[in-house]
Each structure stands twice: as structure tokens, then as C-alpha cells.
Amino acid sequence: LAVIAGSMLISLGVVLLSGGGLLTGGVVGVAFLLHYVTGVSFGLIFFLANLPFYYLALRRLGLAFTIKTFCAVGLTALLSEYLPHLIVLQNVHPVVAATFGGLTVAAGMLALFRHRASIGGFGILALYLQDRFGIRAGLTQLAFDCTVLFVSFFVATPLIILCSVLGALVMNLVIAINHRNDRYIAM
């Protein structure tokens with residue numbers, strides 16, 4: 001149930017970010033960039049971009065984590081394709097898209113993290129680094145997100161980039177503040 005709820009929240013956040021024409025970090029951001037540049041389906045790019053990370057997930061975080069993450073990524077990719085046809089957002093201010101989209105994605109990611117799953121990609125690496133070295137997952141994710149957002153300077157306006165950074169900050173600060181292994185026990 002947590003995988004379904006987390007995937008639904010993340011997909012809604014993606015719709016909000018996309019409605020504001022924003023980008024974000026991580027593999028979601030890479031998928032947004034490639035979608036905007038090529039016109040290829042966001043969901044397909046997102047699903048395929050996550051494939052290389054499953055090996056690390058399997059080796060370092062276990063079979064159960066990998067299966068739940070694969071399901072979350074697949075469901076998020078699928079919902080991200082069809083949800084914009086069911087929820088049509090017009091004229092979403094980029095600041096609103098950034099704050100509400102970032103918060104919604106973070107809530108979905110927390111639901112997945114708390115049940116030993118992720119949205120794949122850099123999230124897998126962030127969780128691994130937290131488990132192995134004690135580096136907060138939100139801070140690691142923020143570093144990866146900033147890298148992806150830096151690349152977006154080549155495809156977006158300064159306002160869109162600024163609002164995208166705001167969305168990434170909201171998302172990653174919520175995760176950094178709320179995701180701690182000692183606060184809950186869920187497997």
C-alpha cells in the first residue's frame with residue numbers, strides 16, 4: 001500500500017511540476033530534460049533511465065527493496081503518463097508548482113523510504129550512502145539534484161531554473177528533515 005500511495009503522490013507532484021514547466025533533479029529531472037528536448041514520453045524515459053540502478057539496489061539494499069522499488073518506478077512511470085489526461089492543469093504559476101510539487105514528491109518519497117523502497121535512480125544511491133556512511137539521504141539527493149539542474153541551464157529560462165531550484169530545495173529539505181532511520185521501523 002505504501003508503494004502505491006508513494007507512487008501516486010510522486011506522480012501528482014510530477015504533474016504539478018510539469019504544469020509549471022519546471023524541471024527537477026534526480027532521474028526524474030533527467031527524464032524531464034530528455035522529454036523536453038526529444039519529445040519522447042516522460043514515463044518511458046523515466047522507466048528506462050532507472051534500469052542501471054537496480055543492480056546496485058539488488059547488491060547493496062536487497063531483493064525486497066529492489067522489487068518494491070521496481071514496482072514504484074513502474075507505477076510512477078505509468079501514472080505520470082496518464083494522470084495529465086485526468087488532471088488538466090492550466091496556467092500554474094512556477095512558484096506554486098515548485099512548492100506544492102516539491103512537497104508532494106517529497107511526501108511520496110518519504111512513504112517509499114519508510115517502507116524500504118525508493119523512486120529509483122539517485123534515490124537508491126542516496127539511501128545506500130545513508131545506510132553505509134551515515135550521509136543524510138536528503139543532502140545527497142540535493143547534491144545530485146543541483147547537478148541535474150545545472151545542466152538544465154541549457155534548455156530553460158532563468159525564471160524556470162530558479163523556480164525549479166526552489167522545488168528541489170523544498171523536496172530535499174523535507175526529506176532531509178523527516179527521513180531518519182531511528183524514527184520508525186518498517187520493513
Side-chain angles (χ1 to χ4, degrees), residues 1-57 65-94 96-113 115 117-127 141 144-145 148-149 151-152 154-157 160-161 163-164 166-168 170-172 174-175:
L1 191 54
V3 170
I4 293 169
S7 299
M8 291 172 71
L9 285 168
I10 292 166
S11 300
L12 180 59
V14 166
V15 169
L16 287 166
L17 293 169
S18 180
L22 302 182
L23 300 151
T24 190
V27 174
V28 173
V30 171
F32 266 135
L33 282 171
L34 292 173
H35 167 69
Y36 291 150
V37 171
T38 67
V40 174
S41 158
F42 168 84
L44 177 63
I45 294 170
F46 175 68
F47 183 78
L48 293 176
N50 272 293
L51 292 177
F53 292 97
Y54 294 123
Y55 175 75
L56 176 63
F65 176 91
T66 305
I67 290 170
K68 288 189 272 186
T69 297
F70 182 82
C71 291
V73 168
L75 184 56
T76 300
L78 187 67
L79 289 172
S80 295
E81 282 302 305
Y82 293 104
L83 201 54
H85 302 291
L86 303 172
I87 300 173
V88 180
L89 299 175
Q90 296 176 354
N91 198 21
V92 180
H93 192 279
V96 172
T99 53
F100 283 86
L103 183 62
T104 306
V105 169
M109 290 176 74
L110 284 170
L112 295 177
F113 287 174
H115 293 276
S118 85
I119 197 59
F122 300 139
I124 291 172
L125 186 54
L127 285 176
Q141 189 79 34
F144 291 131
D145 291 351
V148 173
L149 288 171
V151 173
S152 67
F154 299 105
V155 298
T157 67
I160 293 299
I161 301 237
C163 290
S164 297
L166 173 63
V170 167
M171 177 177 60
N172 288 296
V174 168
I175 292 168

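Atom set for the values below is all heavy atoms of this structure, side chains included, hydrogens, waters and symmetry mates excluded.
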Side-chain donor or acceptor of [X] paired with backbone N/O of [Y] under 3.5 Å:
X	Y	result
H115	A2	no
S7	A72	yes
T69	S118	yes
S164	L23	yes

Show the nearest heavy-atom pair for residues [X] and [Y], with the distance to one decimal.
X	Y	value
L9	G108	CB-CA, 3.7 Å
S11	L79	OG-CB, 3.2 Å
V3	A117	CG2-CB, 4.4 Å
G20	A97	CA-CB, 3.8 Å
A111	G6	CB-CA, 4.1 Å
I87	L12	CD1-CD1, 4.0 Å

Quick one: [atom1] on [X] to [atom2] on [Y], what's the gap to the nearest 0.5 Å?
X	Y	atom1	atom2	answer
T24	N172	OG1	CG	7.5 Å
L112	C71	CG	SG	11.0 Å
I45	T38	CD1	OG1	4.0 Å
H35	L33	NE2	CG	11.0 Å
L44	L78	CG	CG	12.0 Å
S80	L17	OG	CG	10.0 Å

Please walk me through it: do M171 and L103 pass side-chain contact (heavy atoms from CB on, under 4.5 Å)? CA-CA 5 Å; M171 177 177 60; L103 183 62; over 6 Å; no
Are more than 12 heavy atoms, taken from residues, nucleotides or ligands other than L1, located less than 6.0 Å from that residue's CG atom?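 Open: at most 12 neighbouring heavy atoms sit under 6.0 Å from CG of L1.
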Listed by chain and number, what are the ring pair (Phe, Tyr, Trp, His ring centres under 6.0 Å) partners of Y82, not counting sequence neighbours?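 Not a single residue meets the ring pair (Phe, Tyr, Trp, His ring centres under 6.0 Å) criterion with Y82.
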Where do V148 and F122 land on the side-chain contact (heavy atoms from CB on, under 4.5 Å) test, with the steps shown first? CA-CA 11 Å; V148 173; F122 300 139; 4.0 Å; yes
So F100 and V92, do their side chains get closer than 4.5 Å, heavy atoms only?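 The answer is no, as the side chains (C-beta and beyond) never meet within the 4.5 Å cut-off.
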Check whether any side-chain heavy atom of F113 sits under 4.5 Å from a side-chain heavy atom of I175, and report yes or no.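 F113 reaches I175 side chain to side chain.
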Decide yes or no on side-chain contact (heavy atoms from CB on, under 4.5 Å) for V155 and Y36, but give the supporting numbers first. CA-CA 8 Å; V155 298; Y36 291 150; 5.7 Å; no
Check for me whether the distance between the ring centres of F70 and F47 falls short of 6.0 Å.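 Ring centres of F47 and F70 closer than 6.0 Å.
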In this structure, is the centre-to-centre distance between the rings of F32 and F46 below 6.0 Å?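 Centroid distance F46-F32: not below 6.0 Å, so no.
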Decide side-chain contact (heavy atoms from CB on, under 4.5 Å) for V14 and F42; before the verdict, give the C-alpha distance in whole Å, the side-chain angles of both, and the deciding distance to 0.1 Å. CA-CA 10 Å; V14 166; F42 168 84; 3.9 Å; yes
